[in-house]
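Below you'll find the structure, written out as structure tokens, and then a few comments.
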Amino acid sequence: MEASLNDCIFCKIASGEIPAKIVAETELSVAFWDISPRQPLHVLVIPKSHYGNVAELAFSDPDSLIDLVQLGSRVALDHSTGSFRLSFNTGSEAGQTVFHAHGHITSRTPKAASGD
Ligand code: AMP
Ligand code: ZN
């Protein structure tokens, strides 16, 4: 895992230490607007516990991965017409830049303008 827990930006968002535009959360997961959206709808969904990527999350805490997918799906269905993508960049060569597991919920067909 590339970032220590102490300087992991998504751990700080999960704990409330740094602000984010939270969309929804559960006991295990948090969904918030991506700071640099690349689609009309772009939300990140993370486990509250630190895992370096989705593979670590899947093998170490599958219940938390299920919760993350359920929360992301609920947000996607609430905020889009129902067509969305859930993707996990895994490893720097695949484009991962934040080494705390996160799924990108993106959609080209949001229900309404969102993110502001
Ligand atoms: P990845 O490239 O898959 O690791 O995705 C990291 C994502 O985190 C990018 O889409 C960034 O725009 C987003 N991001 C980085 N810092 C923040 C932040 N403080 N709040 C919200 N999104 C962030
Ligand atoms: Zn973290």
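No experiment lies behind these values; they were computed from the predicted model shown. Ligands are counted one by one from 1 in listed order, and the atoms in each one are counted from 1 as well.
The atoms of ligand 1 that sit less than 4.0 Å from any heavy atom of S36 are 12 (O). Taking every heavy atom of H102 and a limit of under 4.0 angstrom, the matching atoms of ligand 1 come to 1 (P), 3 (O), 4 (O), 5 (O), 6 (C). The distance from ligand 1 to the heavy atoms of N89 drops below 4.0 Å at these ligand atoms: 1 (P), 2 (O), 3 (O).
Remark: the backbone N or O of S83 is paired with a side-chain donor or acceptor of S107 at under 3.5 angstrom. A donor-acceptor pair is defined here as one N or O able to donate and one able to accept, closer than 3.5 Å; such a pair exists between the side chain of K111 and the backbone of L77.
With 3.5 Å as the limit, one finds no donor-acceptor pair spanning the side chains of T90 and N53.
In the hydrophobic cluster analysis, where Ile, Leu, Val, Met, Phe, Trp and Tyr join through side-chain heavy atoms closer than 4.5 angstrom, V43 is grouped together with L71.
Residue W33 touches ligand 1 through its backbone alone, judged by heavy-atom distances below 4.0 Å. At a heavy-atom cutoff of 4.0 Å, ligand 1 is contacted by no atom of I18, backbone or side chain.
A salt bridge does not link K48 to E27: none of the charged nitrogens lies less than 4.0 Å from a carboxylate oxygen.
For N89, the side chain to side chain contact (heavy atoms under 4.5 Å, CB included) partners two or more places apart in sequence, or in a different chain, are Q96, H104. Scored by the side chain to side chain donor-acceptor pair (under 3.5 Å) test, T81 finds T109 as partners (sequence neighbours excluded).
Comparing H42, H104, Q96 by heavy-atom distance to atom 3 (O) of ligand 1, the nearest is H104.
Computed with the Zn ion (ligand 2) at the centre, the C11 SG to C8 SG angle is 120°, stated to 10 degrees.
Taking any N or O of V98, backbone or side chain, at least one lies under 3.5 Å from an N or O belonging to ligand 1. Checked by distance only, ligand 1 and F10 stay at 3.5 Å or farther apart across all their nitrogen or oxygen atoms.
Counting protein heavy atoms only, atom 9 (C) of ligand 1 is closest to D34 OD2, 3.4 Å. At the shortest separation from atom 19 (N) of ligand 1 among protein heavy atoms lies I9 CD1, 3.6 Å. For atom 4 (O) of ligand 1, the closest non-hydrogen atom of the protein is T97 N, 2.7 Å. What sits closest to atom 2 (O) of ligand 1 on the protein, heavy atoms only, is G95 O, 2.8 Å. Nearest non-hydrogen protein atom to atom 17 (C) of ligand 1 is I35 CG2, 3.7 Å.
Using a 4.5 Å cut-off on side-chain heavy atoms (C-beta onward), V30 and H102 make no contact.
The Zn ion (ligand 2) lies closest to atom ND1 when only the N/O/S atoms of H50 are considered. When you scan the N, O or S atoms of H100 for the one nearest the Zn ion (ligand 2), you land on ND1.
In terms of heavy atoms, P19 sits closest to I13 at O-CG1, 4.4 Å. In plain terms, the two heavy atoms of F99 and H50 that are nearest each other are O-CE1, 3.3 Å.
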